[in-house]
Structures are given as C-alpha cells and as structure tokens.
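Reading through the structure tokens given below for one structure.
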Amino acid sequence: MTDTFISEANSTLTVSDSTENLLGPDPSLLIVDDDGPFLRRLARAMETRGFVVEIAASVAEGIAKSKAAPPKYAVVDLRLGDGNGLDVIEAIRQRRTDTKIIVLTGYGNIATAVTAVKLGALDYLSKPADADDVFNALTQRPGEKADVPENPMSADRVRWEHIQRVYEACERNVSETARRLNMHRRTLQRILAKRAPK
C-alpha cells in the first residue's frame with residue numbers, strides 16, 4: 001500500500017516537473033477570444049496543463065490585461081467583435097518581447113497570418129483548434145517544425161468558413177452577403193441553414 005502511494009506521488013511529481021520544464025518559471029497565459037464557450041473550454045484545458053490563465057473576450061479587455069500583467073504566453077483570435085487581434089499582439093509586444101504568441105484564425109487568411117507573424121506571433125492555428133495543438137504550439141522549441149495536421153479542413157469546410165466570414169462582415173444581412181459572394185439569395189439561405197461541414 002505504501003509502495004503504491006509513493007509511486008503515485010513520484011509519477012505526479014514527474015508530470016509537474018516535466019510541465020514546469022516545458023513552461024519555465026513563468027506559466028502566465030492570456031487567451032483572447034470572443035467565442036465564450038470556446039474561451040472557457042480552452043482556459044480550463046490550459047489550466048490542467050500547468051498554465052496560470054487569464055481570459056479576455058474583446059480587444060479592449062485583452063489590451064488592458066496585457067498592459068496590467070504582460071503574459072509569458074498568449075493565444076489571440078484574429079477576428080474579435082470589437083476589432084482585430086493584431087492590436088492585442090502589438091500591446092503585448094510593447095510590454096514584453098519574450099512572449100510566445102499563437103494566433104487563432106477561423107478563416108485561414110494568409111495575409112493577416114503573415115502580418116501576425118511579422119508582429120511577433122510564433123505560429124497560427126486555424127479554428128476550431130484542439131487544446132493539444134495549442135499546447136504543442138506554445139511549448140514548441142525554437143527550430144522545431146510543427147506537425148502536419150492529421151485532418152485538414154475539407155474544401156466544403158473552407159467554403160463554409162468563407163461564407164460565414166462574409167456573412168458576419170455584412171452584419172448578417174443575407175441579401176448583401178449574396179451580392180458580395182455573387183450567389184443567389186436562396187442558395188445562400190440554404191447554406192446558412194445547414195450545419196458546418198466537417
């Protein structure tokens with residue numbers, strides 16, 4: 001009985017030691033995303049992996065929290081309700097240059113991802129991102145190559161994401177979205193009524 005307790009205590013110690021080795025002495029993490037359920041789920045998952053998590057649901061809140069206590073790690077969504085996640089990245093970089101920043105994007109926009117990397121983001125992941133993918137990207141050593149995703153988004157999913165982005169940009173106006181996409185309004189309504197493809 002005592003031997004079992006000691007081996008369990010040693011394995012617990014080893015797990016926390018290995019997490020501390022990956023995260024370093026400052027495990028502070030700021031997650032900025034306006035998708036509430038995703039934000040809370042990711043925050044819980046990162047806490048279980050050893051991070052001390054702060055969350056923000058807007059650009060203004062993200063900037064305020066990064067100025068108050070610049071984090072060692074950050075996960076920032078590019079498209080937020082009140083602006084662009086690039087502003088949060090700039091605010092973090094002004095206070096702390098060694099922060100490892102991961103950018104989340106639901107739309108695979110290469111131009112903004114390149115801008116984010118130029119501003120100092122370490123990597124970018126497409127949403128919905130798995131907690132393991134986020135953890136691996138944050139703890140990636142310099143020079144390590146990221147693994148190719150096992151299940152990249154299908155062409156149908158990419159199309160659906162693009163339609164959703166334009167729909168949101170048009171403030172959920174179906175007629176304007178259909179005009180911008182050069183698509184019949186009824187066709188667009190049928191697409192919007194369906195669930196997202198896998």
Side-chain angles (χ1 to χ4, degrees), residues 23-24 26-47 49 51-140 142 146 149 153 157-158 160-173 176-177 180-181 196:
L23 301 181
D26 181 4
S28 61
L29 170 65
L30 174 64
I31 305 174
V32 184
D33 200 308
D34 58 355
D35 180 354
F38 174 77
L39 177 63
R40 290 186 294 276
R41 197 170 47 248
L42 183 60
R44 279 194 306 271
M46 293 297 107
E47 283 174 347
R49 287 166 173 81
F51 288 99
V52 176
V53 179
E54 281 287 329
I55 59 173
S58 66
V59 171
E61 191 179 356
I63 290 172
K65 288 193 175 186
S66 65
K67 286 182 177 178
K72 173 66 177 168
Y73 300 92
V75 177
V76 181
D77 188 6
L78 272 183
R79 290 201 179 262
L80 297 162
D82 64 337
N84 195 323
L86 296 175
D87 297 332
V88 178
I89 294 171
E90 281 188 80
I92 292 170
R93 283 289 173 233
Q94 288 173 358
R95 302 274 184 209
R96 189 168 183 172
T97 57
D98 67 334
T99 301
K100 291 185 174 185
I101 302 171
I102 301 299
V103 173
L104 296 178
T105 176
Y107 309 107
N109 187 335
I110 294 171
T112 50
V114 168
T115 304
V117 170
K118 284 181 179 177
L119 285 172
L122 185 66
D123 200 352
Y124 75 96
L125 300 171
S126 57
K127 287 173 82 175
D130 182 82
D132 289 331
D133 294 337
V134 173
F135 180 78
N136 291 337
L138 286 171
T139 57
Q140 182 176 310
M153 282 197 293
R157 177 64 188 219
V158 172
W160 187 85
E161 292 280 354
H162 176 67
I163 290 169
Q164 291 295 320
R165 181 181 59 77
V166 174
Y167 183 54
E168 291 298 325
C170 293
E171 297 177 356
R172 298 178 160 264
N173 182 322
E176 177 63 17
T177 305
R180 286 190 187 181
L181 292 171

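Computed from a prediction, not measured in an experiment: that's the story for all the values here.
Using a 4.0 Å cut-off between a side-chain N of Lys or Arg and a carboxylate O of Asp or Glu, D132 and R49 qualify as a salt bridge.
Taking the side chain as every heavy atom from C-beta outward, H162 and L181 approach each other to under 4.5 Å. Side-chain atoms of L39 and D35, non-hydrogen and from C-beta on, never get closer than 4.5 Å to each other. Residues V52 and P27 meet the side-chain proximity criterion, which asks for heavy atoms closer than 4.5 Å. Looking at V53 and I31, their side chains come closer than 4.5 Å, going by heavy atoms from C-beta outward. Counting heavy atoms from C-beta outward, K72 and L29 have side chains that stay 4.5 Å or more apart. Between V76 and L104, the closest side-chain pair of non-hydrogen atoms is not below 4.5 Å. Residues Y167 and N173 are not in side-chain contact: their nearest non-hydrogen atoms beyond the backbone lie 4.5 Å or more apart. For the pair R79 and N84, the minimum side-chain heavy-atom distance is 4.5 Å or more.
Checked by atom type and distance alone, the side chain of D77 never pairs as donor or acceptor with a backbone atom of V32 at under 3.5 Å. A donor-acceptor pair under 3.5 Å is absent between the side-chain atoms of T97 and the main chain of R93, judged by distance alone. No donor-acceptor pair closer than 3.5 Å links the side chain of D33 to the backbone N or O of A57. Side-chain atoms of T99 come within 3.5 Å of backbone N or O of P71 as a donor-acceptor pair. Using a distance-only test at 3.5 Å, with no hydrogens or angles considered, no donor-acceptor pair links the side chain of R96 to the main chain of S66.
E54 approaches K65 most closely through the heavy-atom pair OE1-NZ, 3.3 Å. C170 and T177 make their closest contact through CB-OG1, 3.4 Å (heavy atoms, listed as atom of the first residue, atom of the second, distance). For the pair I102 and A137, the tightest heavy-atom approach, listed with the atom from each and the gap, is CD1-CB, 3.6 Å. Pairing each heavy atom of L30 with each of A56, the nearest pair is CD1-CB, 4.4 Å.
In this structure, the separation between OG1 on T139 and CZ on F51 is 6.5 Å, given to the nearest 0.5 Å. Note that NZ of K67 is 6.5 Å distant from CD of Q94, once rounded to the nearest 0.5 Å. Taking CD of E47 as the reference point, atom CG of L42 lies at 10.0 Å (rounded to 0.5 Å). Rounding to the nearest 0.5 Å gives a distance of 12.5 Å between CG of D130 and CZ of F135. Remark: I55 CD1 to M46 CE distance equals 13.5 Å, nearest 0.5 Å.
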| side chain to side chain contact (heavy atoms under 4.5 Å, CB included) between V103 and L125: does it pass, once the steps are laid out? | CA-CA 6 Å; V103 173; L125 300 171; over 6 Å; no
